[in-house]
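Here's the structure, in structure tokens; my notes come after.
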Amino acid sequence: MEKALWYLLVGTRGGENRARIIAALDERPRNANQLAECLDVDYNTVRHHLDMLQEHDVIESGGDEYGKLYFLTDRFERHREEFETVLEAM
């Protein structure tokens, strides 16, 4: 997870938006449309970042396709300190 966080947040373009998505999901579960609105980011951009975060087991989804909610994974929660370290380095 540590390598994935460094890659997702520092090693590729879009790291700032991914960090913002993680922070928003830390507040409460949200769907892609809610994230796009609260972060003022294009819906398709949010979907791309959600796919990347899900692929690396940072977030998981629940519910049906329409209005699917996203949550932080238990694995992410176990590595929260590393997330904080990465944020400080950004």
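Listed here is the closest heavy atom pair of Gly62 and Lys68: O-CG, 3.4 Å.
At a threshold of 4.5 Å between non-hydrogen side-chain atoms, the residues Arg20 and Val41 count as touching. At least one side-chain heavy atom of Val58 sits under 4.5 Å from a side-chain heavy atom of Met1. No side-chain heavy atom of Leu39 sits less than 4.5 Å from a side-chain heavy atom of Asn17. With a 4.5 Å cut-off on side-chain heavy atoms, Ile59 and Phe71 do not count as touching. The closest side-chain heavy-atom distance from Thr12 to Arg18 is below 4.5 Å. Under the 4.5 Å side-chain criterion, counting only non-hydrogen atoms from C-beta, Arg47 is in contact with Asp51.
The ring pair (Phe, Tyr, Trp, His ring centres under 6.0 Å) analysis of residues 5-27, with sequence neighbours excluded, yields the pairs Tyr7-His56.
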Please tabulate, one pair per line, all N/O donor-acceptor pairs under 3.5 Å involving side-chain atoms of residues 23-32, not counting sequence neighbours.
unit_1: Asp26; atom_1: OD1; unit_2: Arg80; atom_2: NH2; d: 2.8
unit_1: Asp26; atom_1: OD2; unit_2: Arg80; atom_2: NH1; d: 3.3
unit_1: Glu27; atom_1: OE1; unit_2: Arg30; atom_2: NH2; d: 2.6
unit_1: Arg30; atom_1: NE; unit_2: Ala24; atom_2: O; d: 3.2
unit_1: Asn31; atom_1: OD1; unit_2: Asn33; atom_2: N; d: 3.1
unit_1: Asn31; atom_1: OD1; unit_2: Gln34; atom_2: N; d: 2.7

### Message
side-chain hydrogen bond (donor to acceptor under 3.5 Å, both in side chains) for Arg78 and Thr73? Distances and angles first, verdict last.
### Response
CA-CA 9 Å; Arg78 289 191 301 272; Thr73 64; over 6 Å; no

### Query
Going through the checks in order, is the side-chain contact (heavy atoms from CB on, under 4.5 Å) test met by Gln54 and Tyr70?
CA-CA 9 Å; Gln54 201 163 17; Tyr70 292 89; 3.8 Å; yes

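In this structure Asn44 satisfies the side-chain contact (heavy atoms from CB on, under 4.5 Å) test together with Asp42, sequence neighbours excluded. A search for ring-ring contact (aromatic ring centres under 6.0 Å, His included) contacts involving Phe76 returns Phe83, not counting sequence neighbours. With sequence neighbours excluded, no residue forms a ring-ring contact (aromatic ring centres under 6.0 Å, His included) with His79. Listed by chain and number, the residues in a side chain to side chain donor-acceptor pair (under 3.5 Å) with Glu81 amount to none (sequence neighbours excluded).
Ile21 and Met52 fall within a single hydrophobic cluster, where Ile, Leu, Val, Met, Phe, Trp and Tyr are joined by side-chain heavy atoms under 4.5 Å apart, directly or via other members.
Taken to the nearest 0.5 Å, the CG atom of Asp74 stands 6.5 Å off from the CD atom of Glu60. Distance check, rounded to the nearest 0.5 Å: CD of Glu16 to CG of Leu87 gives 10.5 Å.
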